[in-house]
Amino acid sequence: MNVGVAHSEVNPNTQVMNSWGIWLAYIILVRLLHVVLLSIPFFSILVVWTLTNVIHNLAMYVFLHTVKGTPFETPNQGKPRLLTHWEQMDYGLQFTSSCKFLSISPIVLYLLASFYTKYAAHFLINTASLLSVLLPKLPQFHGVRLFGINKY
Amino acid sequence: MRPGPGGCCCRRPVRANGCVANGEVRNGYVRSSAAVAAAAAGQIHHVTQNGGLYKRPFNEAFEETPMLVAVLTYVGYGVLTLFGYLRDFLRHWRIEKCHHATERKEQQDFVSLYQDFENFYTRNLYMRIRDNWNRPICSVPGARVDIMERQSHDYNWSFKYTGNIIKGVINMGSYNYLGFARNTGSCQEAAAKVLEEYGVGVCSTRQEIGNLDKHEELEKLVASFLGVEAAMAYGMGFATNSMNIPALVGKGCLILSDELNHASLVLGARLSGATIRIFKHNNMQSLEKLLKDAIVYGQPRTRRPWKKILILVEGIYSMEGSIVRLPEVIALKKKYKAYLYLDEAHSIGALGPRGRGVVDYFGLDPEDVDVMMGTFTKSFGASGGYIGGKKELIDYLRTHSHSAVYATSLSPPVVEQIVTSMKCIMGQDGTTLGKECIQQLAENTKYFRRRLKEMGFIIYGNEDSPVVPLMLYMPAKIGAFGREMLKRNIGVVVVGFPATPIIESRARFCLSAAHTKEILDTALKEIDEVGDLLQLKYSRHRLVPLLDRPFDETTYEETED
């Protein structure tokens with residue numbers, strides 16, 4: 001089971017987010033998270049929506065913008081070792097459809113959370129977590145590491 | 001666009017279906033050329049029966065993954081990843097025993113020696129199902145093989161041999177298309193005689209003192225087998241590709257390579273220094289677009305014309321079981337004046353009515369393929385590779401190929417094995433054994449594929465390809481399938497991510513002429529059972545089982561409803 005033995009795709013990580021299967025799996029998982037949070041008895045609806053938003057954005061930040069490199073050895077001498085998964089997607093090509101999908105889904109979740117919290121409660125928390133997950137997706141932030149955090 | 005030299009397929013555009021677009025008879029009735037152009041622009045046909053470039057139907061199918069299966073596969077990989085992180089955390093804090101290599105305490109303040117995340121997949125996913133690969137055998141891997149039984153008490157981190165040998169396991173994993181993987185018979189006797197006469201190894205390169213009369217005999221035989229002017233043989237199949245492509249193309253040339261080409265072709269292309277562009281697998285529109293762009297726009301910044309354009313394709317792609325659309329590739333190559341490099345590693349000996357490979361299968365002229373490459377590993381029961389083509393090309397390769405200058409030549413007993421098996425396939429040894437093997441392989445292929453499709457599995461690839469990938473999709477089923485089949489005395493090869501795309505893990509069966517119908521029936525019965533147990537029958541296009549009894553009056557009554 002080695003990379004690049006039966007195909008010429010150097011880094012399979014770049015193609016993982018491109019199929020509709022994973023988009024569907026992602027949507028189902030977010031809904032599952034929401035349903036699990038709803039079933040905890042002492043959380044109100046406001047808290048549940050904020051928690052869904054925050055946990056989703058935290059998980060997205062960790063898996064797409066913090067973890068670097070590939071979980072397998074690639075035949076290109078470790079070029080993506082310092083790149084996060086978002087930067088590896090489609091070899092750094094901007095505005096592909098999976099990029100757009102993954103940028104729009106936290107916005108949709110934010111709008112739903114704002115609606116259910118009546119645009120008042122937990123506003124700062126929701127907005128801060130949305131910004132933390134939208135800013136790294138901008139093309140201007142490609143490869144940028146603020147204050148040297150997570151550089152190597 | 002430069003006009004092509006003559007030949008009907010050059011003057012008129014070649015469509016996706018391989019038919020010449022001249023507005024005449026198509027699908028049995030006459031249409032005007034405007035209607036034909038409009039229809040062809042909107043759809044992609046694969047009609048191949050009405051003459052044109054294909055002389056026989058070309059049936060290839062890659063059924064789409066069912067939606068639920070795709071979602072569950074991703075969820076499965078997600079769960080495995082989360083558990084992987086958990087286990088790594090436990091191992092890091094010494095709660096769980098750590099089996100893999102770690103640095104000593106004195107070295108921990110230095111830059112880390114082992115990149116932990118790069119082995120994440122190996123540690124957490126591959127190790128769990130590692131017992132399905134690299135199983136030690138103790139007999140020749142023919143139609144049946146003996147496997148050494150092994151157990152693991154620490155979840156596959158180490159194995160212990162129980163001392164038992166599982167005898168007579170049906171071997172569906174070896175590349176043994178014509179059944180020459182034997183240690184008895186005429187090939188073995190001839191090779192033993194040559195071993196005593198010539199010795200085991202050559203210990204020298206072709207250009208120094210490693211050129212034996214046996215090598216020249218082999219090369220003449222290979223050339224007559226393929227129908228080309230000359231051929232050259234090398235010691236390793238992988239090295240044939242990776243060392244000869246750099247001799248043929250260099251900087252300033254363009255290589256158009258299929259998406260799913262083997263690592264040896266990819267390595268050879270990268271070592272050559274040429275520009276590589278990849279076209280979608282077996283997709284002639286993609287290839288034509290790349291060719292057009294290459295000729296119209298030339299090299300990237302200088303806009304100079306490319307020195308050479310080389311198209312790299314394989315005869316049978318071993319992971320997908322698909323056969324290259326060779327008539328269309330040759331038509332495109334002639335139209336745009338490119339060169340064609342055909343890697344027949346899996347198709348030589350396995351396809352075609354006379355076993356001469358994919359060129360024979362489509363009934364084409366071997367002179368149309370510029371470089372015919374192949375290996376002796378799969379159908380001839382030997383090792384090594386060859387390149388065949390025009391005499392000038394082979395003479396050039398004899399002096400310029402890296403393998404000829406630096407690598408040792410083929411070992412004489414191996415050469416004798418190839419010569420004997422090739423003569424057997426060609427019928428020159430006086431028996432009809434070769435022809436029977438070719439026919440048996442073709443029958444086995446058709447039967448096996450048909451029965452698997454009737455059972456409801458998703459099978460990829462062409463109907464005539466002896467490589468049969470059966471889709472498993474989910475990561476847990478990879479391990480389960482391999483183990484269940486071994487319990488039932490059948491050895492299969494299972495492949496998963498990252499050697500295949502993430503959702504397309506598969507079990508790959510390689511059929512052989514050495515498999516008799518009884519062996520195949522036993523295997524099919526067990527596959528059926530395991531398929532029901534693991535719920536692998538995903539196909540939504542169930543084939544109606546063919547009626548095996550002769551046609552009589554009662555046949556009509558069954559279909560009257």
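So that the names make sense, note that chain A is the first sequence line, chain B the second, and so on, each numbered from 1. Just so it is clear, the structure is predicted and the values come from calculations on it, not from any experiment.
Neither the backbone nor the side chain of A:Tyr26 comes within contact range of chain B; no heavy atom of the residue lies under 4.5 Å from a heavy atom of that chain. Looking at B:Thr73, neither its backbone nor its side chain comes within 4.5 Å of chain A, counting heavy atoms on both sides. Neither the backbone nor the side chain of B:Asn124 comes within less than 4.5 Å of any heavy atom of chain A. Only the side chain of B:Glu64 comes within contact range of chain A, with heavy atoms under 4.5 Å apart.
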Residue pair B:Met67, A:Trp20: steps toward the side chain to side chain contact (heavy atoms under 4.5 Å, CB included) verdict: CA-CA 9 Å; B:Met67 182 165 60; A:Trp20 55 263; 3.8 Å; yes
Step-by-step side chain to side chain contact (heavy atoms under 4.5 Å, CB included) determination, A:Val67 to B:Phe120: CA-CA 12 Å; A:Val67 171; B:Phe120 182 88; over 6 Å; no
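In the displayed structure, A:Tyr61 atom OH is contacted under 6.0 Å by at most 12 heavy atoms of other residues, nucleotides or ligands. A 6.0 Å sphere centred on NE2 of B:His92 holds no more than 12 heavy atoms belonging to other residues, nucleotides or ligands. For A:Tyr116, the OH atom counts as loosely surrounded, since its 6.0 Å shell holds 12 or fewer non-hydrogen atoms of other residues, nucleotides or ligands. Counting non-hydrogen atoms of neighbouring residues, nucleotides and ligands closer than 6.0 angstrom, the CZ atom of B:Phe89 reaches no more than 12 such neighbours. When the shell of 6.0 Å around OH of B:Tyr85 is examined, it contains more than 12 heavy atoms from other residues, nucleotides or ligands. More than 12 non-hydrogen atoms from other residues, nucleotides or ligands lie less than 6.0 angstrom from CZ of A:Arg145. Within 6.0 Å of CZ on B:Arg483 lie more than 12 heavy atoms contributed by other residues, nucleotides or ligands.
Counting heavy-atom pairs closer than 4.5 Å to chain B, the top residue among A:Gly21, A:Gly78, A:Pro71 is A:Pro71. Most heavy-atom pairs under 4.5 Å with chain A: of the set B:Tyr74, B:Tyr317, B:Tyr77, this distinction falls to B:Tyr74.
Within the 4.5 Å cutoff, the side chain of A:Glu9 has no heavy atoms near those of the B:Val266 side chain.
Taking the six-membered ring where tryptophan is involved, the planes of A:Phe72 and B:Phe497 are perpendicular, since the angle between them exceeds 60° and thus also 30°.
The only member of A:Ile22, A:Leu24, A:Ile27 that meets side-chain contact (heavy atoms from CB on, under 4.5 Å) when paired with B:Val71 is A:Leu24.
A distance of 11.5 Å separates CG in A:Asn18 from CD1 in B:Ile502, rounded to the nearest 0.5 Å.
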